[in-house]
Amino acid sequence: QVQLVESGGGLVQPGGFLRLSCAASGSIFSVVRMGWYRQAPGKQRELVAAMSGGGSTNYADSVKGRFTISRDNAKNTVYLQMNSLKPEDTAVYYCNSVVVTTTPVRSLEVWGQGTLVTVSS
């Protein structure tokens, strides 16, 4: 079994910042990809940022220049630094990971439980 545990959400004023963390644990042989999605009320879930095992990144156009994804490989943890937050960033943020498990050896996609980010004055 593989689990993702998220932390760092909360209420912040426009222009403020937050950092989300997501730690993967369990029978992990390697991490193929880790990233963040978000879902605002009444909208579909969308990719925010992702990082491959090799370190390449991609971002949604709406967050480029404001959000930064990073990873601590030793801890199987991914971070999302969110700066210059806007009310439209309000959403539940979900951590997502694709890993290769140890026993059995297979590719597995895992989701976190979600953490709420509210940007409001």
Side-chain angles (χ1 to χ4, degrees):
Q1 291 284 357
V2 175
Q3 292 183 325
L4 301 180
V5 178
E6 302 150 338
S7 61
L11 173 65
V12 63
Q13 292 186 341
F17 63 90
L18 283 175
R19 190 174 87 148
L20 305 182
S21 300
C22 172
S25 63
S27 304
I28 300 171
F29 175 73
S30 65
V31 176
V32 178
R33 179 178 181 270
M34 291 190 81
W36 293 92
Y37 288 72
R38 68 186 179 187
Q39 187 166 19
K43 295 188 176 181
Q44 290 188 329
R45 190 173 298 189
E46 63 175 358
L47 174 69
V48 177
M51 177 178 281
S52 71
S56 61
T57 59
N58 63 298
Y59 295 90
D61 288 343
S62 60
V63 307
K64 284 180 180 177
R66 300 188 298 122
F67 291 11
T68 302
I69 189 170
S70 61
R71 203 170 90 183
D72 183 333
N73 290 329
K75 297 180 179 179
N76 284 335
T77 298
V78 67
Y79 305 95
L80 185 68
Q81 179 67 41
M82 305 185 293
N83 298 330
S84 302
L85 283 161
K86 305 175 181 180
E88 50 264 43
D89 294 318
T90 295
V92 177
Y93 284 70
Y94 296 91
C95 182
N96 170 271
S97 183
V98 177
V99 303
V100 176
T101 58
T102 54
T103 306
V105 178
R106 61 169 179 160
S107 177
L108 181 66
E109 182 175 25
V110 190
W111 289 91
Q113 78 282 2
T115 185
L116 178 62
V117 172
T118 303
V119 184
S120 176
S121 55

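Keep in mind that the numbers below use all heavy atoms, side chains included, and drop hydrogens, waters and symmetry copies. Please read all numbers here as calculations on a predicted model, not as lab measurements.
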(request) Could you point out which residue of V12, V63, L20 forms a side chain to side chain contact (heavy atoms under 4.5 Å, CB included) with M82? (result) L20
(request) Verify the cluster assignment for V31 and V105: are they in a single hydrophobic cluster under the rule of side-chain heavy atoms below 4.5 Å apart? (result) no
(message) Count I, L, V, M, F, W, Y as connected when their side-chain heavy atoms are under 4.5 Å apart, and connections chain through other members. Are W36 and V110 then in the same cluster?
(response) yes
(message) Measuring only between side-chain heavy atoms, which start at C-beta, is T103 closer than 4.5 Å to F29?
(response) no
(request) Look only at the side chain of R66 and the backbone of S84, and say whether a donor-acceptor pair between them is shorter than 3.5 Å. (result) yes
(request) Give, for atom SG of C22 and atom CZ of R71, the distance between the pair rounded to the nearest 0.5 Å. (result) 11.0 Å
(request) Check whether any side-chain heavy atom of F67 lies under 4.5 Å from a side-chain heavy atom of L18, and answer yes or no. (result) no
(message) Test of understanding: with side-chain hydrogen bond (donor to acceptor under 3.5 Å, both in side chains), list the residues that count as partners of N58, not counting sequence neighbours.
(response) none
(message) Determine whether a donor-acceptor pair (N or O, by modelled atom type, separation under 3.5 Å) exists between the side chain of E6 and the backbone of G114.
(response) yes
(message) Using side-chain heavy atoms (C-beta onward) and a distance below 4.5 Å, is S62 in contact with R38?
(response) yes
(message) Would you say that S120 contacts T90 through its side chain, given a criterion of any heavy-atom pair below 4.5 Å between the two side chains?
(response) no
(message) Looking at E88, I want to see if its CD is surrounded by more than 12 non-hydrogen atoms of other residues, nucleotides or ligands under 6.0 Å.
(response) yes
(request) Rounded to the nearest 0.5 Å, what's the gap from CZ on R19 to OG1 on T68? Could you check? (result) 11.5 Å
(message) If I compare all heavy atoms of D61 with all of K64, which pair ends up nearest, and what's the gap?
(response) OD1-NZ, 3.1 Å
(message) Would a single hydrophobic cluster contain both Y59 and V48, if residues Ile, Leu, Val, Met, Phe, Trp and Tyr are joined by side-chain heavy-atom contacts under 4.5 Å?
(response) yes
(message) Measuring from atom CD1 of I69 to atom CD of Q81, what distance do you get when rounded to the nearest 0.5 angstrom?
(response) 12.0 Å
(message) Working to the nearest 0.5 angstrom, can you tell me the gap between S97 OG and Q3 CD?
(response) 13.0 Å
(message) Could you check whether D89 pairs with K86 (Lys NZ or Arg NE/NH1/NH2 to Asp/Glu carboxylate O, under 4.0 Å)?
(response) no
(message) Let me confirm one number: the CG-CE distance from L80 to M51, rounded to the nearest 0.5 Å.
(response) 10.5 Å
(request) Look at the side-chain heavy atoms of Ile, Leu, Val, Met, Phe, Trp and Tyr, link any pair under 4.5 Å apart, and say whether L11 and V92 land in one connected group. (result) no
(message) Filter on side chain to side chain donor-acceptor pair (under 3.5 Å), then keep only pairs touching residues 107-119, sequence neighbours left out; what's left?
(response) N96-E109
(request) Check whether any side-chain heavy atom of Y79 lies under 4.5 Å from a side-chain heavy atom of D72, and answer yes or no. (result) yes
(request) Using the rule that two of Ile, Leu, Val, Met, Phe, Trp, Tyr join whenever any of their side-chain heavy atoms come within less than 4.5 Å, decide whether L4 and V78 are in one cluster. (result) yes
